[in-house]
Amino acid sequence: MMCLNSHRHNIRTLSPHIKKLLPVIMSSISLKENGGEVSVTKNYSNGGGLRDLYGEDSATEDHLITPWTFSVASGYSLLRDPRYNKGLAFSEGERDAHYLRGLLPPVVFNQELQEKRLMHNLRQYEVPLHRYMALMDLQERNERLFYRLLMDNVEELLPVVYTPTVGEACQKYGSIFRRPQGLYISLKEKGKILEVLKNWPEKSIQVIVVTDGERILGLGDLGCQGMGIPVGKLSLYTALGGVRPSSCLPITIDVGTNNEKLLNDEFYIGLRQRRATGKEYAELLDEFMRAVKQNYGEKVLIQFEDFANHNAFDLLEKYSSSHLVFNDDIQGTASVVLAGLLASLKLVGGTLADHTFLFLGAGEAGTGIAELIALEISKQTKAPVEETRKKIWLVDSKGLIVSSRLESLQHFKKPWAHEHEPVKGLLDAVKAIKPTVLIGSSGVGKTFTKEVVETMASLNEKPLILALSNPTSQSECTAEEAYTWSKGKAIFASGSPFDPVEYEGKLFVPGQANNAYIFPGFGLGLIISGAIRVRDEMLLAASEALAAQVSEENYDKGLIYPPFSNIRKISAHIAAKVAAKTYDLGLASHLPRPKDLVKYAESCMYSPGYRSYR
Ligand SMILES: NC(=O)C1=CN([C@@H]2O[C@H](COP(=O)(O)OP(=O)(O)OC[C@H]3O[C@@H](n4cnc5c(N)ncnc54)[C@H](OP(=O)(O)O)[C@@H]3O)[C@@H](O)[C@H]2O)C=CC1
Ligand SMILES: CC(=O)C(=O)O
Ligand SMILES: [Mg+2]
């Protein structure tokens with residue numbers, strides 16, 4: 001026996017075919033397993049060269065063989081493995097031990113210098129989409145460096161990997177597509193979804209973010225190109241919530257698209273057909289949900305993202321008693337807005353029950369938020385939720401939701417059909433309802449007009465105005481409009497970020513009311529407690545935890561959310577409160593309950609510093 005070479009290979013990446021062949025291969029190679037990794041020593045026989053182990057040489061034309069390549073992870077492939085690649089940061093010793101000599105220029109950079117260089121380069125791009133593409137390339141090249149950058153420069157890079165730029169990226173996903181970054185499950189995979197899941201190289205998945213691409217931000221149906229959203233959300237799970245990247249799985253379910261522009265786009269990457277609906281849709285989703293549970297177990301968190309509301313509410317209801325599911329647009333948004341409202345009481349005074357709320361938009365975000373506000377007021381005042389809903393009003397595309405419309409309303413709007421005469425437009429609704437809080441969740445930009453904002457300011461000393469719709473192009477108004485039209489009276493936050501505004505010599509800093517504050521910490525709380533189901537009480541706990549993180553210094557600037565620069569600490573506190581509630585409700589499976597949940601959450605977080613390789 002002659003030992004020619006010894007290399008490392010990740011056993012998790014071996015295809016099922018090769019795993020089946022392993023016993024055969026084992027007769028000629030020796031494998032040493034170490035924490036999922038396997039060292040492979042290839043043994044060659046004496047006398048006559050390689051054996052025809054797989055029958056390839058002796059096979060006839062009609063004899064089937066498995067076409068496989070045994071790619072050995074040499075130094076070169078280490079440089080191309082984003083999880084382990086460190087680029088110029090490989091030490092001298094590592095370059096020797098891992099066959100990297102000559103594959104890298106002589107210099108050794110540390111991660112800090114690499115970060116400085118990359119940030120310098122990123123800032124040269126004037127077009128946000130080019131920054132997005134550069135960051136995606138980095139994620140594909142050197143995962144730890146990508147997360148280091150995102151964590152250390154979160155306020156600068158969040159608008160790139162997330163809203164607003166991710167919206168443009170999804171619109172142009174077919175043109176900018178380089179490497180697949182998640183799993184695509186289309187109607188073609190019907191009956192085979194479990195097999196498709198097994199093709200994903202990672203086995204211990206803890207969070208899945210899944211979309212069917214039908215309501216991507218406020219940009220509508222982007223079909224298969226919605227993949228940018230699960231990819232972006234999961235990168236925040238890691239950067240903001242500390243969930244290990246290898247535990248995260250982005251999925252797009254492709255049932256077609258009704259977007260004519262995409263159907264006629266030669267670069268469109270999805271199925272070129274109109275959306276499947278009804279039984280065909282329900283069956284595919286059901287097969288998916290079953291396969292996920294079968295493959296990853298009971299405790300994998302499935303986050304539904306950017307489904308259209310005619311499916312989103314039903315999916316959440318259908319699977320919330322059998323799976324660990326969370327709808328970010330309904331529940332995450334509700335939790336982040338409630339947190340902002342709780343915090344704003346310090347600035348506007350009174351209790352939540354003293355306020356009157358008016359929404360423009362009565363879909364997932366609008367009715368989700370409305371319900372959580374009603375639940376919180378009910379919790380605080382002990383009044384039944386049917387009563388507390390009465391101070392919350394919603395306007396949809398047909399006008400104010402009132403009892404005379406009850407029959408024709410979608411089921412999620414019915415609880416909001418209060419007694420009132422019909423009102424058509426938002427301005428008239430503001431005049432009729434006299435809200436203290438105005439929330440935009442319509443997905444339609446420029447709908448908070450000058451008259452609307454002026455009326456809010458004439459009715460309130462400090463009107464609270466939240467323009468939640470994403471991306472920036474769909475925002476109900478800009479920060480500048482909110483401050484100038486209200487003559488500096490408004491407390492303002494928006495779904496996508498706006499720069500600070502100077503008005504009459506004073507600097508106004510707008511907050512970002514985005515579910516990105518909630519879902520990473522919320523998900524981490526579920527994971528560390530081993531939660532098996534999501535309950536509304538956990539969302540309320542997350543809201544209260546986030547509101548508690550707003551400091552006096554933040555309030556002094558008129559902010560109702562803490563800055564994102566502190567997000568890891570904020571996420572640890574949210575995770576701890578969510579986990580505590582999960583234990584209290586008897587829904588935690590991770591026992592015994594850790595004593596200090598904040599410390600425990602922090603200790604579980606992924607850190608992107610490089611590891612040293614032996
Ligand atoms: N900041 C954040 O964290 C989040 C922001 N969002 C944003 O919220 C927006 C809406 O999302 P979502 O609730 O899921 O969407 P939905 O499609 O579920 O709901 C949209 C609602 O807006 C109404 N609407 C549409 N056009 C108008 C109009 N011109 N005037 C009045 N009402 C109108 C619709 O009315 P009808 O029912 O009559 O059609 C519907 O009730 C998106 O832009 C999304 O990006 C969503 C989640 C989180
Ligand atoms: C933020 C978000 O989830 C949305 O706009 O859909
Ligand atoms: Mg969303």
Side-chain angles (χ1 to χ4, degrees), residues 158-159 162-164 166-167 170 209-222 226 228-230 232-233 236 303-314 316 326-340 358-371 393-401 405 408-414 416 423-430 438-449 452 466-476 493-498 510-520 546 561:
L158 209 56
Y162 192 52
T163 183
V166 72
C170 289
V209 176
V210 59
T211 188
D212 72 354
E214 194 169 2
R215 196 285 277 142
I216 294 299
L217 308 177
L219 301 171
D221 182 353
L222 298 185
I229 295 294
K233 291 272 176 183
L236 304 196
Q303 174 166 319
F304 293 120
E305 193 70 51
D306 290 9
F307 283 74
N309 62 38
H310 56 93
N311 290 316
F313 288 99
D314 295 348
L316 185 61
F326 165 70
N327 184 302
D328 189 33
D329 301 298
I330 302 171
Q331 298 172 299
T333 315
S335 187
V336 78
V337 170
L338 178 60
L358 180 66
F359 288 77
L360 182 72
E364 295 167 64
T367 61
I369 302 162
E371 185 66 8
W393 296 82
L394 294 98
V395 172
D396 66 8
S397 65
K398 298 186 179 64
L400 190 65
I401 296 182
R405 293 179 54 196
S408 62
L409 291 172
Q410 289 147 288
H411 66 90
F412 49 87
K413 293 179 184 169
K414 287 188 192 286
W416 311 101
V423 178
K424 264 267 165 271
L426 177 64
L427 182 60
D428 288 340
V430 172
L438 178 64
I439 301 176
S441 54
S442 61
V444 184
K446 304 264 165 243
T447 35
F448 289 174
T449 59
V452 166
L466 305 180
L468 299 181
S469 294
N470 296 315
T472 315
S473 57
Q474 312 309 111
S475 188
E476 283 79 7
S494 52
S496 299
F498 282 107
Q512 191 176 350
N514 194 293
N515 50 30
Y517 273 110
I518 290 289
F519 68 79
L546 176 56
Y561 292 102

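As a basis for the values below, the full set of heavy atoms in this structure was taken, side chains included, without hydrogen atoms, waters or symmetry mates. Just so you know, ligand 1 is whichever comes first in the structure, and atom 1 is the first atom listed for that ligand.
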Tell me the protein N, O or S atoms under 2.8 Å from the Mg ion (ligand 3), in chain and number order. Glu305 OE2, Asp306 OD1, Asp329 OD1
From CA spacing to verdict: side chain to side chain contact (heavy atoms under 4.5 Å, CB included), Leu426, Leu358: CA-CA 9 Å; Leu426 177 64; Leu358 180 66; 4.0 Å; yes
Is a side-chain N or O of Thr449 found less than 3.5 angstrom from the main chain of Val452, in a donor-acceptor match? yes
Distance alone, cut at 3.5 Å: any donor-acceptor contact between the side chains of Gln410 and His310? no
Partner residues of Ser496 under the side-chain hydrogen bond (donor to acceptor under 3.5 Å, both in side chains) criterion, sequence neighbours left out: Thr163, Asn470
Tightest non-hydrogen contact, residues Pro497 and Pro164, listed as CD-CD, 4.1 Å
Do Arg405 and Asp396 meet the salt-bridge criterion of a basic N to acidic O distance under 4.0 Å? yes
For residues Ser469 and Glu476, is any side-chain donor paired with an opposing acceptor at under 3.5 Å? yes
Using a 4.5 Å cut-off on heavy atoms from C-beta on, say whether the side chain of Asp329 contacts that of Arg215. yes
Side chains of Ile401 and Val395, heavy atoms from C-beta outward: is any pair under 4.5 Å? no
For Tyr517 and Tyr561, take the angle between the two ring planes, folded into 0 to 90°, and tell me which bin it lands in: parallel under 30, tilted 30 to 60, perpendicular over 60. parallel
Distance-only polar pair, side chains of Asn309 and Lys413, donor-acceptor under 3.5 Å: no
One pair per line, please: each N/O atom of ligand 2 matched with every protein N/O atom under 3.5 Å away, atom names first, then the distance to 0.1 Å.
| unit_1 | atom_1 | unit_2 | atom_2 | d |
| --- | --- | --- | --- | --- |
| ligand 2 | 3 (O) | Lys233 | NZ | 3.0 |
| ligand 2 | 3 (O) | Glu305 | OE2 | 3.0 |
| ligand 2 | 3 (O) | Asp329 | OD1 | 3.1 |
| ligand 2 | 3 (O) | Asn515 | ND2 | 3.0 |
| ligand 2 | 5 (O) | Asn470 | ND2 | 2.8 |
| ligand 2 | 6 (O) | Arg215 | NH1 | 3.0 |
| ligand 2 | 6 (O) | Asp306 | OD1 | 2.9 |
| ligand 2 | 6 (O) | Asp329 | OD1 | 3.0 |

4.5 Å side-chain heavy-atom contact, Asn515 and Lys233: yes
Taking any residue with a non-hydrogen atom under 4.0 angstrom from an atom of ligand 1, which ones do you get? Arg215, Leu217, Gly218, Asn309, Asp329, Thr333, Leu360, Gly361, Ala362, Gly363, Glu364, Ala365, Asp396, Ser397, Gln410, Lys413, Ser441, Ser442, Gly443, Val444, Leu468, Ser469, Asn470, Gly495, Ala513, Asn514, Asn515
Would you check if Leu316 and Glu364 make a side-chain contact, meaning some heavy-atom pair closer than 4.5 Å? no
